[in-house]
Student: 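One structure, pasted below without further comment.
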Amino acid sequence: AQSVSQHNHHVILSEAASLELGCNYSYGGTVNLFWYVQYPGQHLQLLLKYFSGDPLVKGIKGFEAEFIKSKFSFNLRKPSVQWSDTAEYFCAVMNTGFQKLVFGTGTRLLVSP
Amino acid sequence: DGGITQSPKYLFRKEGQNVTLSCEQNLNHDAMYWYRQDPGQGLRLIYYSQIVNDFQKGDIAEGYSVSREKKESFPLTVTSAQKNPTAFYLCASSDRAGTGELFFGEGSRLTVL
């Protein structure tokens with residue numbers, strides 16, 4: 001069965017620190033990859049997505065993610081975090097054949113000012 | 001404003017009672033989804049519907065039922081057969097089934113007493 005692993009459950013950073021959140025998935029076929037973010041008290045929303053093409057994708061608020069097919073990974077990065085990045089981040093994978101979006105367990109990021 | 005409206009936001013229920021959670025969207029999206037969010041487990045798919053009058057079971061459909069009689073509406077019933085119903089329930093929609101780009105509602109928190 002398709003699965004998504006997020007290795008960091010809680011991350012605490014100071015403002016201006018660099019961020020990298022890991023995401024690995026188990027399916028070997030064609031996939032669409034996503035990062036969703038849930039800011040405190042807000043809806044879950046799309047941060048960025050990868051369907052095909054350039055494996056380095058850029059999203060909102062300075063976030064980017066790199067798809068490495070050989071490692072089944074789609075790690076999220078940001079060079080310099082801000083206090084407003086405090087949120088829960090979810091990696092998600094859709095197996096284009098099954099059309100189901102499978103989420104990882106999420107990573108809670110706390111950025112201290 | 002276009003979006004997804006879930007109601008109620010908070011709901012308490014006694015054991016043995018069925019409860020129905022409402023989800024309405026005015027985005028003219030074809031596909032709608034129900035997820036359950038539990039701490040440390042991410043989001044798990046309960047049911048999804050790609051078109052009116054059709055729906056499919058997700059990964060944890062036991063104890064739940066849905067209907068899709070109108071494009072805008074996808075109510076979820078949590079039945080008394082659901083063994084652990086206390087959770088946060090999220091409804092989502094997508095304009096194209098199978099892309100993984102979901103728009104989420106604010107969620108409904110169900111507590112069984």
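Computed over heavy atoms, backbone and side chain alike; hydrogens, waters and symmetry mates excluded. The chains referred to below are lettered A, B, ... by the order of the sequence lines, with proteins before strands, and numbering in each begins at 1.
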Student: Applying the 4.5 Å side-chain criterion to the ILVMFWY set and letting contacts propagate, would B:Leu90 and B:Leu27 be lumped into a single cluster?
Tutor: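 In one cluster with B:Leu90: B:Leu27, no.
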Student: Which residues in residues 48-85 of chain A have a heavy atom less than 4.5 Å from any heavy atom of chain B?
Tutor: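 Interface residues of residues 48-85 of chain A: A:Lys49, A:Phe51.
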Student: Do B:Tyr48 and B:Ile4 belong together in a cluster built from hydrophobic side chains that touch within less than 4.5 Å?
Tutor: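 No, because B:Tyr48 and B:Ile4 fall into different hydrophobic clusters, even though each may have its own neighbours under 4.5 Å.
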Student: I need the full list of salt bridge (Lys or Arg N to Asp or Glu O under 4.0 Å) pairs touching residues 32-57 of chain B, with sequence neighbours left out, sorted by first then second residue.
Tutor: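 Sorted pair list: B:Arg36-B:Asp38, B:Asp38-B:Arg44.
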Student: Who passes ring pair (Phe, Tyr, Trp, His ring centres under 6.0 Å) against B:His29, sequence neighbours left out?
Tutor: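 For B:His29 the ring pair (Phe, Tyr, Trp, His ring centres under 6.0 Å) partners, ignoring immediate neighbours, are B:Phe103.
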Student: Got a donor-acceptor contact below 3.5 angstrom from the B:Tyr33 side chain to the A:Leu101 backbone?
Tutor: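 Pair absent, no side-chain N/O of B:Tyr33 close to backbone of A:Leu101.
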Student: Side chain from CB out, backbone as N, CA, C, O: work out which of these in B:Gln56 comes under 4.5 Å of a heavy atom of chain A, or both, or neither.
Tutor: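 For B:Gln56, no heavy atom lies under 4.5 Å from chain A.
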Student: Is A:Leu47 linked to A:Leu33 within one hydrophobic cluster, defined over Ile, Leu, Val, Met, Phe, Trp and Tyr using a side-chain heavy-atom separation of less than 4.5 Å?
Tutor: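 Shared cluster, yes.
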Student: Please classify the contact between B:Gln41 and chain A as side chain, backbone, both or neither, with a heavy-atom cut-off of under 4.5 Å.
Tutor: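 Contact with chain A: backbone only.
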Student: Under 6.0 Å from the CD atom of B:Gln17, do we count more than 12 heavy atoms belonging to anything else shown?
Tutor: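 Result for CD/B:Gln17: enclosed.
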Student: Go through the atoms of B:Leu43 and report whether side chain, backbone, both or neither lie under 4.5 Å from a heavy atom of chain A.
Tutor: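 For B:Leu43, heavy atoms of backbone and side chain both lie under 4.5 Å from chain A.
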Student: Should B:Met32 and B:Ile60 be regarded as members of a common hydrophobic cluster, given that ILVMFWY residues are connected when their side-chain heavy atoms come within less than 4.5 Å of each other, either directly or indirectly?
Tutor: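 Result: yes, single cluster for both.
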Student: Do you know the tightest heavy-atom contact between B:Leu102 and A:Tyr36?
Tutor: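 Nearest pair, atom of B:Leu102 first, then A:Tyr36: N-OH, 2.8 Å.
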Student: Is A:Gln38 close to chain B through its backbone or its side chain, or both, or neither, when contacts mean heavy atoms under 4.5 Å?
Tutor: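 The answer is the side chain of A:Gln38.
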Student: Relative to chain B, which segment of A:Gln6 carries a heavy atom at a distance below 4.5 Å: side chain, backbone, both, or neither?
Tutor: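 No part of it gets close to chain B.
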Student: Among residues 102-113 of chain A, which ones touch chain B with a heavy-atom distance under 4.5 Å?
Tutor: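 A:Phe103, A:Gly104, A:Thr105 fall under the 4.5 Å cut-off.
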